[in-house]
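So the structure is just underneath, and the comments pick up after that.
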Amino acid sequence: MNSKVINILLWIAQVLIALTLLWAAYAKLIQPIEETAKMLPWALGNPGLLKFTGFIDLLGGVGIILPSALKIQPKLAVWAAYGVVLLMIAGSVFHIMRGEASLLGMNIVIILFAIFIAWGRTSKVPIYGK
């Protein structure tokens with residue numbers, strides 16, 4: 001596969017992860033907690049954790065796309081990708097502890113996309129700063 005195709009796939013992966021994390025941040029930080037609890041039953045019992053994970057989602061969503069798009073410290077997008085992997089692993093552990101292993105599919109897909117981004121933006125098609 002040539003670098004142009006990989007670059008397009010990397011941008012698609014970056015946008016998809018950014019949109020997913022920014023949506024999650026909205027749901028956790030802005031949406032009324034009662035609405036969020038319809039999707040995340042644990043939210044009502046853990047409002048502090050909800051806000052914390054919402055803030056982390058916001059940082060990940062911005063960090064995975066903005067540095068690359070603006071070409072300002074684009075290496076930060078690689079670090080954000082590593083952070084997303086850690087976030088999804090933590091989320092997976094949380095789901096398993098709650099007996100929700102059936103919900104791990106999305107975490108696994110996001111982990112794979114984030115690993116692809118870290119690999120691609122580090123070695124295959126890096127973005128260089130201004």
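Here Ile65 contributes atom CD1 and Leu19 contributes atom CG; the two are 8.0 Å apart, rounded to the nearest 0.5 Å. Going from atom CD1 of Ile72 over to atom CG of Leu66 covers 7.5 Å, rounded to the nearest 0.5 Å. Atoms OG1 and CZ, on Thr20 and Phe113 in that order, are 8.5 Å from each other to the nearest 0.5 Å.
Side-chain heavy atoms closer than 4.5 Å link hydrophobic residues (I, L, V, M, F, W, Y) into clusters, and following such links, possibly through other members, connects Ile12 to Ile17. Hydrophobic clustering of Ile, Leu, Val, Met, Phe, Trp and Tyr side chains at less than 4.5 Å, counting indirect connections, keeps Leu87 apart from Leu103.
For residues 85-104, the side-chain hydrogen bond (donor to acceptor under 3.5 Å, both in side chains) pairs, not counting sequence neighbours, are His95-Glu100, Arg98-Glu100. Pairs engaging residues 66-77 under the salt bridge (Lys or Arg N to Asp or Glu O under 4.0 Å) rule: none recorded [sequence neighbours left out]. Pairs engaging residues 111-130 under the salt bridge (Lys or Arg N to Asp or Glu O under 4.0 Å) rule: none recorded [sequence neighbours left out]. Residue pairs meeting the side-chain hydrogen bond (donor to acceptor under 3.5 Å, both in side chains) criterion with at least one member in residues 43-59, sequence neighbours excluded: Lys28-Thr53, Lys28-Asp57.
Here the shortest heavy-atom pairing between Ala25 and Gly54 reads CB-O, 3.5 Å. Here the closest non-hydrogen pair linking Ala43 and Ile33 is O-CD1, 3.6 Å. When all heavy atoms of Pro74 and Gly129 are compared, the closest pair comes out as CG-N, 3.6 Å. Taking every heavy atom of both residues into account, Ser68 and Ala77 meet most closely at OG-CB, 3.3 Å. Heavy atoms only, all atoms of each residue included: Gly61 and Ala18 are closest at O-CB, 3.4 Å.
Cluster partners of Tyr128, using a side-chain heavy-atom cutoff of under 4.5 Å among ILVMFWY residues and allowing indirect links: none. Val78 shares a hydrophobic cluster with Trp79, Tyr82; the chain of contacts runs through ILVMFWY side chains whose heavy atoms sit under 4.5 Å apart.
Looking at Ile56 and Leu21, their side chains never come closer than 4.5 Å, going by heavy atoms from C-beta outward. Side chains of Val84 and Ile117 form no contact here, defined as non-hydrogen atoms less than 4.5 Å apart. Side-chain atoms of Ile127 and Trp11, non-hydrogen and from C-beta on, do get closer than 4.5 Å to each other.
The residue from Leu104, Leu86, Ile89 that alone fulfils the side chain to side chain contact (heavy atoms under 4.5 Å, CB included) condition with Ile111 is Ile89.
Applying the side chain to side chain contact (heavy atoms under 4.5 Å, CB included) rule to Leu9 yields the partners Met1, Val5, Phe116; only residues at least two apart in sequence or on another chain are considered. Residues satisfying the side-chain hydrogen bond (donor to acceptor under 3.5 Å, both in side chains) test with Lys38, not counting sequence neighbours, are Glu35. Phe94 meets the ring-ring contact (aromatic ring centres under 6.0 Å, His included) test with Trp42; sequence neighbours excluded. Contacts of Leu76 classified as side chain to side chain contact (heavy atoms under 4.5 Å, CB included), with partners at least two apart in sequence or in another chain: Pro67, Gln73. The side-chain hydrogen bond (donor to acceptor under 3.5 Å, both in side chains) check on Thr36 picks up Gln31, with sequence neighbours excluded. Residues satisfying the ring-ring contact (aromatic ring centres under 6.0 Å, His included) test with Trp23, not counting sequence neighbours, are none.
Side chain of Gln14 to main chain of Ile64: a donor-acceptor pair is present (N/O by atom type, distance under 3.5 Å, no hydrogens or angles).
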